[in-house]
Amino acid sequence: MITDSKSNTTPKANEVVQNVVIRFVGDSGDGMQLTGTQFSDTSAMFGNDIATFPNYPSEIRAPQGSLYGVSGFQVQIGSLDITTPGDSVDLLVAMNPAGLKTNLSALKPGQMLIVDTDSFTKKNLEKAHYDTNPLEDGSLDNYKVIEVAMTTHTKEALKEMGLDNKSVIRSKNMFALGMVYFIYDRSMDHTIEFFQKKFKKKPTIVEANTKVLKAGYFFAETMEIISTTYHVGPATMDKGVYRMINGNTATAWGLLAASQNSGFELFLGSYPITPATDILHELSKHRYFGIKTFQAEDEIAGITSSIGASFAGDLAITTTSGPGLALKGEAIGLAMMIELPLVIVNVQRGGPSTGLPTKTEQSDLLQAMYGRNGESPIIVIAASTPSNSFDFAYEACKLALEHMTPVILLTDGYIANGSAPWKIKKASDMPPITNRLVKEGENHVPYKRDEKSLARNWAIPGTPNLEHRVGGLEKDKTTGNVSQEPLNHQYQTEIRAEKVRRVQDYIPEIKSEFQEEGDLLVVGWGGTYGGLSAAVNQMNIEGYKVGHLHFNYINPLPKNTLEVLKKFKKVIVCELNAGQMVKVLQNNYPEITYSQYNKAQGLPFTTTELIDKFKQVL
Amino acid sequence: MITDSKSNTTPKANEVVQNVVIRFVGDSGDGMQLTGTQFSDTSAMFGNDIATFPNYPSEIRAPQGSLYGVSGFQVQIGSLDITTPGDSVDLLVAMNPAGLKTNLSALKPGQMLIVDTDSFTKKNLEKAHYDTNPLEDGSLDNYKVIEVAMTTHTKEALKEMGLDNKSVIRSKNMFALGMVYFIYDRSMDHTIEFFQKKFKKKPTIVEANTKVLKAGYFFAETMEIISTTYHVGPATMDKGVYRMINGNTATAWGLLAASQNSGFELFLGSYPITPATDILHELSKHRYFGIKTFQAEDEIAGITSSIGASFAGDLAITTTSGPGLALKGEAIGLAMMIELPLVIVNVQRGGPSTGLPTKTEQSDLLQAMYGRNGESPIIVIAASTPSNSFDFAYEACKLALEHMTPVILLTDGYIANGSAPWKIKKASDMPPITNRLVKEGENHVPYKRDEKSLARNWAIPGTPNLEHRVGGLEKDKTTGNVSQEPLNHQYQTEIRAEKVRRVQDYIPEIKSEFQEEGDLLVVGWGGTYGGLSAAVNQMNIEGYKVGHLHFNYINPLPKNTLEVLKKFKKVIVCELNAGQMVKVLQNNYPEITYSQYNKAQGLPFTTTELIDKFKQVL
Amino acid sequence: MENTPIKYTFKDFQSDQEVRWCPGCDDYVILRSIQKALPETGVKKEDVVFISGIGCSSRFPYYMDTYGMHSIHGRAAAIATGTKLANPNLSVWVASGDGDSMAIGGNHFIHVLRRNVDINYVLFNNEIYGLTKGQFSPTSLLGQKTKTSPYGNTQPPFNPGELAIGARARFFARLGGNVPKDMTQVFIEAEKFKGTSLVEILQNCVIFNDGCYTKYTDKAVKDEMQIHLEHGKPMIFGKEKNKGLILKGLKLEVVNIGENGITESDILVHDAKEPDMTLHSMLVRMEYPLATGVIRSVEEPSFGERERELVNRVTDSSRFKTVDDLFFSGETYEVK
Amino acid sequence: MENTPIKYTFKDFQSDQEVRWCPGCDDYVILRSIQKALPETGVKKEDVVFISGIGCSSRFPYYMDTYGMHSIHGRAAAIATGTKLANPNLSVWVASGDGDSMAIGGNHFIHVLRRNVDINYVLFNNEIYGLTKGQFSPTSLLGQKTKTSPYGNTQPPFNPGELAIGARARFFARLGGNVPKDMTQVFIEAEKFKGTSLVEILQNCVIFNDGCYTKYTDKAVKDEMQIHLEHGKPMIFGKEKNKGLILKGLKLEVVNIGENGITESDILVHDAKEPDMTLHSMLVRMEYPLATGVIRSVEEPSFGERERELVNRVTDSSRFKTVDDLFFSGETYEVK
Ligand SMILES: Cc1ncc(C[n+]2csc(CCOP(=O)(O)OP(=O)(O)O)c2C)c(N)n1
Ligand SMILES: Cc1ncc(C[n+]2csc(CCOP(=O)(O)OP(=O)(O)O)c2C)c(N)n1
Ligand code: SF4
Ligand code: SF4
Ligand SMILES: [Mg+2]
Ligand SMILES: [Mg+2]
């Protein structure tokens, strides 16, 4: 929390700060995701820049009060550019002992901790493996602890409504939210409106929630111990209409825009898998756009049905995560061989094997590059923020259709579930998408290629006189008939690689941020953009000459990559894996010496650890 | 053919030569594989060193006389060290026009061509796309053409036996073989014995084949045009008992020896796929060793049934080729995560996708390294000759059992189907195999590791009091219980990598052949050993200081690799793919500059093309 | 487009590729029968798509002058599902072997049937892996000696029709591999059926499993050993048309018409359209005589029809006409 | 080893891991029932292996104090096949959900049944994907609204028993998720059966598909809506035990005993051991009443038995006792 000098004149001191990090934690049943989202949305509408990080247990409904059943939601809001949900938190709201136990270490010393004292029962303390009550044993002395009997207050607020006990207790998260709204000087209007819309048909629920929210707000207002409130002013953001969006929704919408702009119907063949399933959920809602969402029997049927749809002339997509990508390898090879457009979205999660399914990681890069038999190069790109998942989903479709090739789009659990403000784009704001369709009456040679891009022509079933056969056997370079001829195979192997290499001519050059040259270049790719950017920013504030180079295009790499790498004395590649992008860079630019910073903890980078490492390398 | 000065005194001139390359070609139905094998076996028993290269069409029975129905068998025999079947041939035996058309370019100018004139009918010429008869149009003027009406002679030889026409014609390959035996001064005894054993119950067939073989032999003896016969003396080979063996059989036998020596029963879960199926065929024959060969419903069931068998305490194997390996990726990740011994044999073939299923290639290396989700390092090794497939299959089992990890063994279609003399090993000649079994009464902590190798302990079902659970979720570093703890995941990720790295301490150091230092180091891996060795040998004969470094251990690489690489001024990595091993080397030893020679034609390297390239690089 | 139907002959469906099966293989008969059936279906050539996996039988698409894909082993049914969903106007065919369909492709096989995707599925059942040169398949007999079962197969086989009906097949037909005329007829029926039409051909592989069906298909015994079922016709067979099937409790029994007072009217009449599968299953499993022809043909909405009903339903009521409508819906805010 | 059988209680089969299913989930009932069944089977604890795929139900092995593997999605049946072949002494169990078994795992599901591998297969059918939070599965109903079918499911479901019998299942039982005592009994029978014993549990998922079986399993209607079959007993049901099943042609009919002259002796007697599956299939498909209990239990050599017979047969006649004998057999030659 960076404090500012200005302050205004409510009964309590109101400090103006530039940014603040808040974390709500509690039991899976405590509604922490909803609470966090409401706070984020309200702040977004107020004009803050924002980044969120939901963190839920892998169990569906873990036993109440258990350590592994804790659900959390972290949000950073700011009047300046916010790229991460923050390392450590300024306010921790803990609805139960288990939440406190597992999250206290994230709270900055001296900062505010709000707890629901009603939940600190002997049973709950035991479940959280506390020997003594932390509210009593002095272990919280370093924090501004605000003890509130939230359950009691909630019951009190609703006592005249005649609701059942379960419903009453379920709304205590709104008491906490009300308090936080007061502390951060936020209006309750948006949340009240939300109740009204969401529970249109249940006016008692609207009333109850509103009551509790207000009770929390007014309780904080009148409470002695809260002596200061904080104000985070609006960020200076581009003019326009915004909404909060997470990476999975943005991805789904990017696909929608590409379908509309290209004129090809969207086909999604997929099999559910965390954390990619929400893309399938989202698109399933929008069947009125003529989208075909097909939940297949497995990942292999997911991708092969998409290949079938692509053959028939749809814009075909398949979505998955790590283990699912492994299953799709053979079929990706087929799509590459028959040179059909196909987008494979892989939302990376913690591996290997089933690994840490609800956690984030970047460890599928080499699988995306090489996870299939034979020489089968395809395009690999990666989104780097929740909102640019929209752009790169769109770009994946554009590249697939224009270059007639499968494209793997990598995102990860962190940006897929995290939200940020998105300046809404219209479909017409996006670059146009052309295609290689051959029409009735035109001459069709299945493997005739565009001279520049080397993309082949595309004739789809239903077009008279263009009947032809494709297949996974090696094929003659022009007719497409099966060929075992040695030199033809050599030629085809090379041209398939060259076709992907030439995509360099169609993608933007890359630029380092913060510095164009200097002492250290911090290199990243994909979902670590926000984290690396925050750390490099801080380094520059501290006077170091550090640049940030972030890759969205991985195969092929941007044309000018080597030039940029050469402008810095040292290069460090930072990845949430054991070192994968660094291998790709080494293979492309062996002349550069790369340091590495690798993390595999299921968590994003923290600014602190990055800065420590950078200083050590310098 | 390197000729020698000595010569002996048969009626015809008998030139002593050091090596000779012969290719038999004809229709799929012409029995060329049998002919070639007989010639090879006879020569092997005579004491020659040998390498063979069978080359059959991908069709089961392609239409007679068609170009794509040609079946060929090439063999090089020598009194010196033979490492390849040879680039170009000294004698081509063509049983029909299609065979001639597709193989003539391999025959050295001036050398001998034997054709069956009876097959040069108008119809067959047409099927072979000949406009004019090559026997008449002068296009063979550069060769010593020996025209023989083989079909007629065969009929003649058998006319008194009353056989049906089909059987008669089917034995004409023996006429050709008889001729070749005469020309190369070989005894017919072995082949006659072979008939006697093989057709024990069909004495007419034995008689017929013997008659035709002798007819061919005597025909050649009396024929004017064959003025010279050749003698290839025995090679100087280690003393011992030998047999001819191909790579697939050697692999199967290596697995058998490992099972016997380790005391674990062998389990093979597999799904048929060319060119790996013969390993499954071979082991299915030997069920009396208590081997369990399980033909599964698909590749995934092939490997997962093996994982189940490994869990239960068998030495578990799965065999496949490229597309099958792609399907096994997810399950390999599971085996790596639960740290069970498992050997995955991948007999590489031409890719990508279905590719060139009956041709050879080395393009699955990166798939073997990275073809699964998350950070999942495992051991990767490669056999480099038909006969050392035995040793590396054995080594794969030893490493899997001693290090408790999946091991991928790479071979390829070329060494899998090619034969060479194998100095037979007894099981007791092989190094002992230890294991990590925990026995009843011992203390078992599922993830307790050996301090040196980091291999975990192994308790198998049926052992009282050692009940425990394994699984694909990330697990606690000691108890093996599910753990989502960030630092535990970091630790486990690192230790799994370190465990594989430490295998360096258990494998031999690597040595360059021909030169320990010099101007150029030729680097290869796997099945190209013979080809590269022949070329480097030739370079050294010509006075160049060229070394040959050949990798059998790829992950991890031998400890002293960098030292060896540094001893040469230049390094060229030669692979039958678009450059995969070179990437692995770059990632491990970025300080070295690598040139590359890559070929993707479905064929092995030729000595000539290699030498050309080496000279160009020097 | 045009309304005047083009009159094709089988030659219009022959591609320029040389057919590469072994001489004598039943695959030739199937190829020719389909090439003869297509002109009778009224389907336009450009609307026909053949999709296959890998196997001898899967070479099929190369020989048809239509759109086609020779894909990867076992996945034809899933690919065809995508093709048909993408463009419901197409006439989509799958050509697949017993291994391709029921070994590696088993999952897609049962799911395409469950969903009732409107495709025609031709199952080339030769009870062996042909292309890989003779390993047992999921339809190989117990005890059968093959390259991977040199001491006899220990895995009891599937009966494809039984498995299909267990997976809810609505259309199932079975034919020997040597009856081109019957095949042509059945393929025409299969194409007309809306839903997954599964046609099993007892296809002789002359190289690796020669004669495996001789006891049923040999010209000399065929009429005695097969009963060719036709919807609405009595279940009569035999060279003399003197044998028939009756139901005894839950068993089918062969009776001689004219003996023991049995007349034609006692014989069961084939009802392929009966939704209850009990009798169809019994027919599928019957070993003597072997039931051939269209055994089951029960119309029910195809997957595509259900999907289109859904899309129509939601499209009418949708607030969103373009993706922009969606993007700007709900909780947006403006930065000025 | 020892011959005196150890007497276990259900506690011996409880692991030290906290059970993490949602409160109220039927999975708890299944867990406890198996823990109670195992002590009755006479199997030694160290010989028990639980193998699962991925799903809520697949967490099962963690809670059993036996050997266990929580593997990857859909592959439990194939893994279990390897485990059982490797060591026939083991009592191998599969715990798997409807998605795990019949979506991604469909191929292994039908093949393990076809081969008749001697394992016990517990199918947790909640007609939904639980772990991934509520998508439709291959057993979800037509029209069912889930996260991936917000406008209603368009894919007709499998009936697991029907699919299993189509794949040649020899043992099939079905039970509601709220009958721990029946479960314990059936699990004991399943373990005793030599071959694949498939037990389908109609498992209520309280979070994503609550009440999907209420019409059959609710205490209030259970006796009227289910018929619990027992081998050798008449097919009678109803609170008053006054309803029964008779066969009319090829249809099962519910009759009231005592009405229209129907007596108990008219009622069908359940024969689970009848090899012909016609009646078993009819029972499996019957919608009212729903058949529960052991519907089919037909002994036939298991895959393992066939394999051991083969090995014994070839071992006796083999020339080779060690691998060296093989290596030195046939065409060898000596270099001196
Ligand atoms: C992924 C994969 N696994 C295995 C193979 C090898 N393979 C090709 S065809 C085939 C089986 C062929 O049998 P079937 O499907 O019955 O067709 P048929 O040749 O008998 O017509 C196999 C195992 C392959 N090409 N790809
Ligand atoms: C290869 C792979 N694909 C997808 C998933 C995601 N996944 C995990 S469990 C599951 C389905 C769960 O449903 P079910 O098998 O019915 O079990 P339940 O949770 O209902 O008990 C899915 C799709 C995965 N873990 N691995
Ligand atoms: S191997 Fe058999 S199935 Fe294949 S083409 Fe030859 S005869 Fe036909
Ligand atoms: S989500 Fe459903 S199936 Fe999973 S544990 Fe909860 S109640 Fe049981
Ligand atoms: Mg077949
Ligand atoms: Mg389920």
Side-chain angles (χ1 to χ4, degrees), chain A residues 41 44-45 47 234 237-244 253 256-257 260 265 267 269 286-290 292 294 296-298 300-301 304-314 316 330-331 333-334 338 423-428 461-473 481-482, chain C residues 1 15-17 44-52 54 61-62 64-87 89-90 92 107-108 110-111 307 310-311 314-318 320-324 326-328 330-336:
Chain A
D41 288 356
M45 297 198 163
M237 292 170 86
D238 284 358
K239 275 181 199 158
V241 182
Y242 284 76
R243 65 184 308 141
M244 290 291 287
W253 290 10
L256 282 179
Q260 181 168 306
E265 288 181 9
F267 181 96
H286 305 302
R287 300 292 303 270
Y288 33 72
F289 291 132
K292 294 147 216 166
F294 171 55
E297 57 271 32
D298 58 20
I300 298 176
T304 49
S305 62
S306 295
I307 290 174
S310 174
F311 185 61
D314 271 5
E330 191 203 9
L334 173 67
I338 60 184
K423 185 174 158 197
I424 306 175
K425 288 185 177 157
K426 292 208 185 74
S428 56
T463 322
N465 301 320
L466 302 185
E467 293 84 359
H468 67 285
R469 274 71 52 197
V470 298
L473 286 165
N481 291 333
V482 173
Chain C
M1 326 258 159
S15 81
D16 60 353
Q17 296 296 294
K44 286 195 228 135
K45 189 174 145 175
E46 63 267 23
D47 289 338
V48 179
V49 180
F50 273 83
I51 291 171
S52 67
I54 301 286
Y62 290 125
M64 295 293 302
D65 192 25
T66 64
Y67 287 92
M69 188 191 298
H70 177 230
S71 75
I72 44 179
H73 195 30
R75 315 306 172 188
I79 294 174
T81 298
T83 302
K84 183 71 187 181
L85 285 178
N87 184 351
N89 283 332
L90 301 176
V92 179
N107 207 22
H108 316 304
I110 58 178
H111 281 272
E307 282 282 290
L310 182 156
V311 171
V314 303
T315 306
D316 292 345
S317 63
S318 162
F320 305 133
K321 299 303 163 201
T322 70
V323 296
D324 296 346
L326 168 67
F327 300 169
F328 285 92
E331 307 201 328
T332 62
Y333 58 95
E334 206 174 338
V335 172
K336 284 175 197 167

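These figures come from a predicted structure and were not determined experimentally.
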Could you check which of [options] has the highest count of heavy-atom pairs closer than 4.5 Å to chain A?
options: C:Thr315, C:Val335, C:Ile51; result: C:Val335
options: C:Asp16, C:Thr83, C:Val49; result: C:Thr83
options: C:Pro61, C:Ser71, C:Ala80, C:Gly82; result: C:Gly82
options: C:Asp47, C:Leu90, C:Asp316; result: C:Leu90
options: C:Glu334, C:Met69, C:Met64, C:Lys84; result: C:Met69
options: C:Asn107, C:Val311, C:Val48; result: C:Asn107

Quick check on the interface: out of [options], who has the most heavy-atom pairs with chain C under 4.5 Å?
options: A:Asp298, A:Ile338, A:Asn465; result: A:Asp298
options: A:Leu473, A:Asp41, A:Asp238; result: A:Leu473
options: A:Ala301, A:Gly240, A:Ala257; result: A:Gly240
options: A:Gly308, A:Ala316, A:Ala427; result: A:Gly308
options: A:Lys423, A:Lys239, A:Glu265; result: A:Lys239
options: A:Phe289, A:Tyr288, A:Phe267; result: A:Tyr288

Region of [X] in contact with chain A, defined by heavy-atom distances below 4.5 Å:
X: C:Lys336; value: backbone
X: C:Leu85; value: both
X: C:Ile54; value: neither
X: C:Ser317; value: neither

*Tell me, do C:Val314 and A:His286 make a side-chain contact under 4.5 Å, heavy atoms counted?*
no
_Heavy-atom check, side chain of C:Phe320 versus side chain of A:Leu256, under 4.5 Å_ = no
What part of [X] is in contact with chain C, defined as an atom under 4.5 angstrom from a non-hydrogen atom: side chain, backbone, both or neither?
X: A:Ser306; value: neither
X: A:Phe294; value: side chain
X: A:Gln260; value: side chain

Going from [atom1] on [X] to [atom2] on [Y], what distance comes out if it is rounded to the nearest 0.5 angstrom?
X: A:Met244; Y: C:Glu331; atom1: CE; atom2: CD; value: 10.5 Å
X: C:Ser52; Y: C:Ile72; atom1: OG; atom2: CD1; value: 11.0 Å
X: A:Lys425; Y: C:Phe328; atom1: NZ; atom2: CZ; value: 11.5 Å

Where is the tightest heavy-atom contact between [X] and [Y], given as atom of each residue plus distance?
X: A:Gly471; Y: C:Tyr62; value: CA-OH, 4.1 Å
X: C:Ser15; Y: A:Arg469; value: CB-NH2, 3.7 Å
X: C:Ala78; Y: A:Thr304; value: CB-OG1, 3.2 Å
X: C:Asn87; Y: A:Ala312; value: CB-CB, 4.4 Å

_Enclosure of A:Lys426 NZ (heavy-atom neighbours >12, cutoff 6.0 Å)_ = no
*How are the rings of A:Trp253 and C:Phe327 set relative to one another: parallel (under 30°), tilted (30 to 60°) or perpendicular (over 60°)?*
parallel
_Donor-acceptor pair, side chain of C:Asp65 and main chain of A:Glu467, under 3.5 angstrom_ = no
